[in-house]
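Single-structure report; data block below.
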2 protein chains.
Amino acid sequence: MGVETSLWQRSRQAAYDEITSIAMGLFLDQGFEQTTIDQIASTAGISRRSFFRYFGTKEDIVLGDLASQGELVRAALEEVPSTVGPWEALREALHAVDALAIDPDVTMKIATMMYGTPSLRSRSIEKHLHWQTLLMPDIRRRLGIAEDDLADPAPGAIVASAIACLDAAGEVWVRGGGRDDLATLYDRAVSAVRGRS
Amino acid sequence: MGVETSLWQRSRQAAYDEITSIAMGLFLDQGFEQTTIDQIASTAGISRRSFFRYFGTKEDIVLGDLASQGELVRAALEEVPSTVGPWEALREALHAVDALAIDPDVTMKIATMMYGTPSLRSRSIEKHLHWQTLLMPDIRRRLGIAEDDLADPAPGAIVASAIACLDAAGEVWVRGGGRDDLATLYDRAVSAVRGRS
DNA sequence: TGCCTCATTGACACTCGGTGCCAGTTTGGC
DNA sequence: GCCAAACTGGCACCGAGTGTCAATGAGGCA
C-alpha cells in the first residue's frame, strides 16, 4: 500500500543524482584516481561520512547503474521466447543496455576512463561477473539442463563469452573513437568466436 | 656479463619464497581478507615496509606467478604451427599452465580461496586480461589479420572467450571439489560456446 | 685488514578508502 | 505538538600503500 516513491525517497534520489553529476564532472576533468572523496564531498556540500551513505565505494559512482542494468538485461532475456537459442537470446537481451546510451559524447568519455583506470576496470569486471550469475539460469534452461545441475560448464561459458564479446567490442569501439557501431562490432565478435565467418 | 643469478639475487629469491609460503599458510588458515599485512610481516620477521619491497600488493602474493604464467602461455602459443586454427592453438597453449599444478590438494585450496574472495577474483581476472593482450597478436596472425589492424574485434573476442571458458571450467572444477578433470571441463565449455554439440 | 660504495632494511609519517559509533537534527505519522 | 525513525556530521579507527631518511650490512678493492 501507499505510494512507492515517498517524498523522502525522491529527495534522496535527487541528492544521489546531484552527487553523481558533480563527481562525474570532477572525474572527467582531472581523472578518476586524482579525485579524492573528500573533494567530491566538499564540492557537493556534504560530509565525507554522508558520501558513503550514498555510495559504497568510489567506483560505484561510475558503475552504480551497472548492477541495476544487470537486472534489466536479465528481464529482457526472460522476455525472449524460450525456443530461441542462447546466443540469439543474449544478443537480444544485451541490446537492452544499448538503449540507455543517452549522450554518445559523454558515454565515450566515461568508457575511455573506464578502460584506462585499473580499479574501475576491475570493478566493472566484477559487475559483469555478477551479470553472469544473473543470466546463467535462463541460459541453462534454454540448453535444457536441469536447474540443480551445476556440473556443466556450458551455461557459464556461453554467458561469459557473450559478455567477453561485448567487452572486446567495447574496447575496439573506444579505440576507434566511437566511429563504428557497437552492435555491429558485437555481432562480428560473436561470429568470430562461433566460427561462422 | 657474469652470472645471471648473483648471490644476492638468490638470497632475495629465497626470502621471497619464504614470505610467500608463510603468507599462504596464514591465508589458508584464517582467510585472505582476515590476514593483515602487519601479521604477515611480523610472522615472517620483516618490517611492514620491507614487505612492500617484495610484493606490490597483498593480492600479488597469491597471483604473482600469474603474470609470468602469461608469458609461458604466450611462448607455448607461438610454438604451435601457424597452420593450426586459433581455438586449437589456444587449447594447446593453455595446457602449459596445467603442467604447473604440483600438489592438487593445495591447488584446490588456493583455487577455492580465489573464487571465494572478491578482490582476489577481480585481480585474477585483471591478470587474465593481461594474458589477452599477450596472446592477441598471435591469434591475429592466425586469422590473417594485419598487425596494425585494430578495428577488428575478432582476435580479442576469441582470446577472451577462451579465457572465459577456462574460468568457467575452473569454477565448476572448484565447485565439484576437483572431481572432474579441468581439461575435460575446458573442452566441454569450448564446444558449448562454439555450438558443436 | 681496512675502507668505500651501494643495495637493503626498518622506522616514521602520511595519504586515501572505508567502517563503527554516537550525538544532534530533521522528517513523517499520529 | 509530540514521538519515533531515519538522516546527518564529526570523530576515531583500521588497513593498504607510498615517500623519505638514517642505519646497517655485504661485496669489491687496495
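Note that these values count all heavy atoms, side chains included, but never hydrogens, waters or copies made by symmetry. Proteins come first, then strands; the chains are lettered A, B, ... in the order of their sequence lines, and each starts at number 1.
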Integer-rounded Å distance: [N] [atom2] and [X] [atom1]:
X	N	atom1	atom2	value
A:R53	C:dG20	CZ	P	12 Å
B:D38	D:dA16	CG	P	7 Å
A:E33	C:dC16	CD	P	13 Å
B:I19	C:dT8	CD1	C1'	12 Å
A:F51	D:dG10	CZ	P	16 Å
B:Q39	D:dA16	CD	P	10 Å
B:F52	D:dG15	CZ	P	12 Å
B:F32	D:dA16	CZ	C1'	11 Å

Which part of the nucleic acid, if any, lies within contact of A:T35, taking any heavy atom under 4.0 Å across all strands shown: a base, the sugar-phosphate backbone alone, or nothing? sugar-phosphate
For A:Y54, report the nucleic acid contact type (base, sugar-phosphate, nothing); a contact means any heavy atom under 4.0 Å. sugar-phosphate
Output yes when B:D60 and B:K127 qualify as a salt bridge under the 4.0 Å nitrogen-oxygen rule, no when they do not.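 Looking at B:K127 together with B:D60, the answer is yes, because their closest N to O distance falls below 4.0 Å.
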salt_bridge(B:R74, B:D138) N-O dist < 4.0 Å: no
Going by modelled atom types, is there a donor-acceptor pair between the base of D:dG19 and the side chain of B:R49 at under 3.5 Å? yes
Counting only distance, no hydrogens or angles, is the base of D:dG17 paired donor-acceptor with the side chain of B:R48 under 3.5 Å? yes
A:I158 backbone acceptor or donor facing A:W87 side chain under 3.5 Å: no
Closest non-hydrogen atoms of A:E147 and A:R140, given as atom of the first, atom of the second and distance, are O-NH1, 3.6 Å
Say whether B:L94 and B:M136 are linked into one hydrophobic cluster, either directly or through other cluster members, by side-chain heavy-atom distances under 4.5 angstrom. yes
May I ask you to verify if any side-chain N or O of B:S47 is less than 4.0 angstrom from the OP1 or OP2 atom of C:dA11? no
Distance check: side-chain N/O of B:T36 vs OP1/OP2 of D:dA16, anything under 4.0 Å?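 Yes, because at least one side-chain N or O of B:T36 sits under 4.0 Å from OP1 or OP2 of D:dA16.
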